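Reviewing the structure listed below.
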Amino acid sequence: MTDADSRPHLQRTNPDGLSPPTGFSHSVTATGSRIVFLAGQTALDSEGAVVGGTLTEQFEQALANLLTALAASGGGPADLARVTVYTTDVAAYRSAARDLGAVWRRHAGRDYPAMALIGVSRLWDEEALVELDGIAVLP
């Protein structure tokens with residue numbers, strides 16, 4: 001089964017026989033002309049301070065930061081081919097999955113990239129609970 005895509009340079013594929021994806025795509029095939037590598041973004045504000053006391057609040061700021069970096073390179077959420085999420089608390093992330101999905105849809109829509117979640121002992125900023133990095137392909 002292949003999902004329809006709003007950007008013809010990215011084809012999201014979710015094959016029969018794999019568990020149905022929720023909030024991600026199993027694979028993304030890119031045929032664009034420019035690749036954008038997005039550095040890890042945490043919940044830093046423009047002054048360099050971590051904002052948000054909850055994982056969901058920090059995820060929202062980190063995602064906004066990632067999309068701001070992508071926009072500065074000429075891309076948008078639908079251009080994301082891959083996103084990796086790093087968290088210091090996988091259990092809390094799983095518990096907040098519904099809220100995190102709502103944050104994603106509000107900022108990035110329903111064009112889900114290939115994604116992975118990785119538990120880490122800590123991030124660069126000790127207060128940071130989550131970090132997102134990504135790869136985008138632009139037409």
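Remember, predicted model here, so these are calculated numbers, not experimental data. Note that these values count all heavy atoms, side chains included, but never hydrogens, waters or copies made by symmetry.
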If you look only at distance, which donor and acceptor atoms sit under 3.5 Å apart when one is on a side chain in residues 35-45 and the other is two or more places apart or in another chain?
| from | atom 1 | to | atom 2 | distance (Å) |
| --- | --- | --- | --- | --- |
| Asp45 | OD1 | Glu47 | N | 2.9 |
| Asp45 | OD1 | Gly48 | N | 3.0 |
| Asp45 | OD1 | Ala49 | N | 2.9 |

Residues 117-138, side-chain donor-acceptor partners within the protein, below 3.5 Å, at least two apart:
| from | atom 1 | to | atom 2 | distance (Å) |
| --- | --- | --- | --- | --- |
| Arg122 | NH2 | Trp124 | O | 2.8 |
| Asp133 | OD2 | Tyr86 | OH | 3.3 |

For this session: Only pairs at least two apart or in different chains count here, so list each side-chain hydrogen bond (donor to acceptor under 3.5 Å, both in side chains) that has a residue in residues 90-107.
Result: Glu60-Arg106, Glu60-His107
For this session: Can you run down the side-chain hydrogen bond (donor to acceptor under 3.5 Å, both in side chains) pairs that involve residues 63-75, sequence neighbours left out, and say none if there aren't any?
Result: Gln61-Asn65
Exercise. Please, which pairs that meet salt bridge (Lys or Arg N to Asp or Glu O under 4.0 Å) have at least one residue in residues 67-76, sequence neighbours excluded?
Worked result: none
Problem set entry | Least distance between heavy atoms, Val85 atom then Met115 atom | CG2-CE, 3.9 Å
For this session: Evaluate the side-chain proximity of Leu67 to Pro77: yes if any heavy-atom separation is below 4.5 Å, no if none is.
Result: yes
Exercise. Taking the side chain as C-beta and beyond, is there a heavy-atom pair between Glu57 and Val51 under 4.5 Å?
Worked result: no
Exercise. What about Leu55 and Val50, same hydrophobic cluster or not, with Ile/Leu/Val/Met/Phe/Trp/Tyr joined at side-chain heavy-atom distances under 4.5 Å?
Worked result: no
For this session: Starting at OG of Ser33, measure out to NE2 of His9 and round the result to the nearest 0.5 Å.
Result: 8.5 Å
Seminar exercise, completed: For His26 and Asn14 the tightest heavy-atom approach is N-OD1, 2.7 Å
Problem set entry | Partner residues of Ala114 under the side chain to side chain contact (heavy atoms under 4.5 Å, CB included) criterion, sequence neighbours left out | Val28, Arg82
